[in-house]
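Okay, structure first, notes after.
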Amino acid sequence: MSPEPALRFRIDTRALAANWRALDAMSGRATAGAAVKAECYGLGVSICVPVLRDAGAQQFFVAHWSEVEAVAQHVPSSQIAVLHGPLRDEDVAYALNIGAVPVINSLDQARRWSNGGGGVCHLMVDTGINRLGVAPNELADPAIGALNIDVLMSHLASADEDSAMNGRQLAAFKDCVGAVSHRSTSLANSAGIALGENYVFDLTRPGLALYGGVPRDEMADQIRQVAFVEAAIIQTRFLNAGDAVGYNCEFVADKAMRVGTVSIGYADGFLRSRGPGASMLHRETSLPLIGKVSMDMVVVDLSNAPDIHEGDWLGVPYDLPDAARESAVSQYELLTVLGRRLRP
Ligand SMILES: *Cc1c(COP(=O)(O)O)cnc(C)c1O
């Protein structure tokens with residue numbers, strides 16, 4: 001067994017469950033599913049999916065076929081939707097074998113699914129994000145008519161902004177609802193849920209907000225932080241005026257000072273673009289980063305914290321809205337870049 005690492009990662013599973021329930025309640029008459037792609041946005045399928053399932057989620061969204069198996073350890077595979085759809089014939093065979101449901105994104109995918117045996121699928125229609133999905137004017141195609149569609153869905157491009165795009169996409173989606181037969185409808189991601197009852201349809205698909213992201217201020221009171229990161233001080237040292245710190249000597253001390261080297265760096269997902277100006281936390285005391293983030297380490301100014309020693313733990317700011325505001329890194333990226341050494 002390896003000794004205790006100098007990095008700690010904690011997931012508040014109660015906050016995760018509470019966030020799903022809050023998003024489900026905010027979804028009104030609609031039911032909330034859960035986007036669990038990218039390892040639950042970096043937090044880990046094996047911890048998060050059982051919590052979301054036990055909170056009540058019954059529809060799980062992954063991006064890749066390679067993500068199905070891990071999720072299927074915890075929920076029925078018929079509840080797993082694969083957003084990227086079947087790119088190759090072998091994807092169809094895999095879907096039928098494991099029982100996961102493809103999201104059909106093009107006429108080609110529709111034909112591939114039907115030719116390979118088909119069955120229940122979901123259909124993504126593009127209402128303006130121009131990423132994945134069939135065009136509204138393709139809905140009359142016989143390849144779409146041949147599908148057995150459970151959820152008809154679309155995806156909002158700018159739900160986190162008060163943009164005219166939201167209304168345009170809503171209108172375009174409503175036009176599609178009558179154009180193709182399906183059992184239920186879904187438009188809203190996390191931010192879309194906060195746009196109100198016109199946007200929720202039958203099923204919502206929150207991702208970011210489950211894991212503590214706050215894409216719109218309306219949600220700020222109801223969404224709790226889920227991911228907590230701590231790193232240990234692995235060395236303290238004294239600098240003289242004129243001493244430089246770290247790669248490219250970006251920081252030069254203008255006075256004698258005590259600093260601490262902390263065991264987190266960009267290899268762990270603490271990116272250079274989070275500094276400068278970033279701080280680590282020791283209880284209530286904020287310890288400014290100095291110099292560049294390097295592979296495995298950052299250095300902090302200990303002037304305000306004379307009582308800190310090697311082995312002490314510092315909090316890495318992971319309140320997502322705050323951390324995103326204070327850096328060039330988005331809330332999505334703050335989670336999904338978390339490195340392997342942090343994973344439980
Ligand atoms: C990722 C994704 C979601 C979740 O979006 P968030 O903004 O993280 O809530 C919902 N729907 C689709 C199609 C997605 O790709």
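In each ligand, atom 1 is the first atom listed, and ligand 1 is the first ligand listed. Treat the numbers as computed from the prediction; the structure is a model and nothing was measured.
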- Measuring from the heavy atoms of Ala209, does anything fall under 4.0 Å of ligand 1?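 No; Ala209 lies far enough from ligand 1 that no heavy-atom distance drops under 4.0 Å.
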
What is the closest protein heavy atom to [atom], and at what distance does it sit?
{"atom": "atom 7 (O) of ligand 1", "answer": "Tyr332 OH, 2.5 Å"}
{"atom": "atom 9 (O) of ligand 1", "answer": "Ser190 OG, 2.5 Å"}
{"atom": "atom 5 (O) of ligand 1", "answer": "Asn189 CB, 3.4 Å"}

- Is there side-chain contact between Arg341 and Ile264, with at least one heavy-atom pair below 4.5 Å?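 Contact flag for Arg341/Ile264 side chains = no.
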
- Ring centers of Tyr318, Phe228 separated by less than 6.0 Å: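 Centroid distance Tyr318-Phe228: not below 6.0 Å, so no.
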
- In terms of ring plane angle, is the pair Tyr94 and Trp65 parallel, tilted or perpendicular, where the classes change at 30° and 60°?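 Ring orientation, 0 to 90° scale: perpendicular.
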
- Can you say whether the rings of Phe173 and Phe201 are parallel (under 30°), tilted (30 to 60°) or perpendicular (over 60°)?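 Rings of Phe173 and Phe201: perpendicular, over 60°.
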
- Query: Does the side-chain contact (heavy atoms from CB on, under 4.5 Å) test come out yes or no for Leu123 and Asn105, once each step is laid out?
  - Reply: CA-CA 6 Å; Leu123 181 68; Asn105 293 290; over 6 Å; no

- Where do Glu218 and Arg216 land on the salt bridge (Lys or Arg N to Asp or Glu O under 4.0 Å) test, with the steps shown first? CA-CA 5 Å; Glu218 294 95 323; Arg216 293 187 63 95; 3.1 Å; yes

- Message: Geometry only, no angles: is Leu83 polar-contacting ligand 1 at N/O separations under 3.5 Å?
- Response: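 No.
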
- Message: Using a 3.5 Å cut-off on N or O atoms only, is Leu208 in polar contact with ligand 1?
- Response: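 Between Leu208 and ligand 1, an N or O pair is found under 3.5 Å apart.
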
Which ligand 1 atoms, with their elements, are less than 4.0 angstrom from a heavy-atom of [X]?
{"X": "Tyr41", "value": "1 (C), 4 (C), 5 (O), 6 (P), 8 (O)"}
{"X": "Pro206", "value": "9 (O)"}
{"X": "Arg131", "value": "15 (O)"}
{"X": "Met124", "value": "13 (C)"}
{"X": "Ala35", "value": "4 (C)"}

- Side-chain donor-acceptor pair under 3.5 Å between Gln235 and Thr261, yes or no?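 No, no side-chain donor-acceptor pair sits under 3.5 Å.
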
- Task: Would you please say whether a donor-acceptor pair under 3.5 Å links the side chains of Ser154 and Thr127?
- Result: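 Short answer, yes.
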
- Minimum non-hydrogen distance to atom 2 (C) of ligand 1, winning option of Met153, Arg205, Lys37: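 Result: the heavy atom closest to atom 2 (C) of ligand 1 is in Lys37.
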
- Task: Quick one: look at His122 and ligand 1, take heavy-atom pairs under 4.0 Å, and tell me if it's side chain, backbone, both or neither.
- Result: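 No part of His122 comes within reach of ligand 1.
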
- Query: For ligand 1, is any non-hydrogen atom under 4.0 Å from Phe61's backbone (N, CA, C, O), its side chain (CB onward), both, or neither?
  - Reply: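 Near ligand 1, Phe61 shows nothing, with every heavy atom at 4.0 Å or more.
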
- Task: State whether the side chain of Asp24 and the backbone N or O of Ala32 hold a donor-acceptor pair below 3.5 Å, judged by distance alone.
- Result: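 Yes; judged by distance alone, with no hydrogens or angles, the pair exists.
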
